[in-house]
Enquirer: 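Before we start, here is the structure in question, set down as C-alpha cells.
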Amino acid sequence: MTERQSDQDVARKSRMVSVVIAGTILIWLALNVIGKMAGLPGRFALLFDFAAMAALIWALVNIYQIWRARQADKG
C-alpha cells in the first residue's frame, strides 16, 4: 500500500469515528429528552446509556487502531 493511500485510509477512518462520536452524543441527548417527555421508565434510559457506551467504546477502539497505524507509518 502506498503512503498516500494509507494516509487516505487513516483520514477516512478518522472522519467516520468523529461522525460516530458526534452522532452518538446528539442521539443520546435527544433520546434522553424524548424519553423524559414521554414518561418512559428508567430502564429505557439505561438502555440508551448502554447503546451510547457501546458506540463510544467502538470509537475508542478505532482511535487506538488509527494511532497504531500512524505510529507504524512513522517507523
Side-chain angles (χ1 to χ4, degrees):
M1 187 180 318
T2 66
E3 183 176 336
R4 182 180 172 143
Q5 187 178 13
S6 176
D7 288 343
Q8 288 175 346
D9 290 342
V10 168
R12 185 179 310 114
K13 196 169 189 177
S14 300
R15 283 190 301 271
M16 182 177 58
V17 168
S18 66
V19 168
V20 167
I21 291 171
T24 298
I25 297 302
L26 291 174
I27 291 170
W28 175 75
L29 286 170
L31 287 174
N32 278 313
V33 169
I34 291 169
K36 186 175 266 191
M37 288 173 44
L40 292 176
R43 64 180 177 206
F44 287 105
L46 190 60
L47 178 66
F48 301 152
D49 292 345
F50 282 141
M53 285 186 349
L56 293 174
I57 289 170
W58 177 87
L60 185 62
V61 167
N62 278 280
I63 288 170
Y64 178 73
Q65 291 173 351
I66 292 167
W67 177 73
R68 291 292 305 233
R70 291 187 56 139
Q71 293 297 316
D73 286 345
K74 285 182 183 179

Enquirer: What distance do M53 atom CE and T24 atom OG1 have between them, rounded to the nearest 0.5 Å?
Expert: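 Between M53 CE and T24 OG1, I get 12.5 Å after rounding to 0.5 Å.
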Enquirer: List the atom of S14, the atom of I66, and the distance in Å for their closest heavy-atom pair.
Expert: OG-CD1, 3.6 Å
Enquirer: Tell me which pairs pass side chain to side chain donor-acceptor pair (under 3.5 Å) where either residue lies in residues 32-45, with sequence neighbours left out.
Expert: none
Enquirer: For Q65, which residues count as a side-chain hydrogen bond (donor to acceptor under 3.5 Å, both in side chains) partner, sequence neighbours excluded?
Expert: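 side-chain hydrogen bond (donor to acceptor under 3.5 Å, both in side chains) list for Q65, sorted by chain: K13.
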Enquirer: Verify the cluster assignment for F44 and I27: are they in a single hydrophobic cluster under the rule of side-chain heavy atoms below 4.5 Å apart?
Expert: yes
Enquirer: Please list, chain by chain and in numerical order, all residues satisfying ring-ring contact (aromatic ring centres under 6.0 Å, His included) with Y64, sequence neighbours excluded.
Expert: W67
Enquirer: Under the side-chain contact (heavy atoms from CB on, under 4.5 Å) test, which residues partner V19, sequence neighbours left out?
Expert: none
Enquirer: Can you sort out the partners of R12 under salt bridge (charged side-chain N to carboxylate O under 4.0 Å, His left out), two or more places apart, ordered by chain and number?
Expert: D9
Enquirer: For D49, what residues pass the side-chain hydrogen bond (donor to acceptor under 3.5 Å, both in side chains) criterion, not counting sequence neighbours?
Expert: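 If we apply the side-chain hydrogen bond (donor to acceptor under 3.5 Å, both in side chains) test to D49, skipping adjacent residues, the hits are W28.
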Enquirer: To check you understand the geometry: which heavy-atom pair defines the closest contact between A55 and V20, and what is its length?
Expert: O-CG1, 4.2 Å
Enquirer: Would you compute the distance between atom CG of L60 and atom CG of L56 and round it to the nearest 0.5 angstrom?
Expert: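 That separation rounds to 9.0 Å.
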Enquirer: Look up atom CD1 in I34 and atom CG in L29, then write down how far apart they are to the nearest 0.5 Å.
Expert: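 It is 11.0 Å, given to the nearest 0.5 Å.
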Enquirer: Measuring from atom CD1 of I21 to atom CG of L26, what distance do you get when rounded to the nearest 0.5 angstrom?
Expert: 12.0 Å
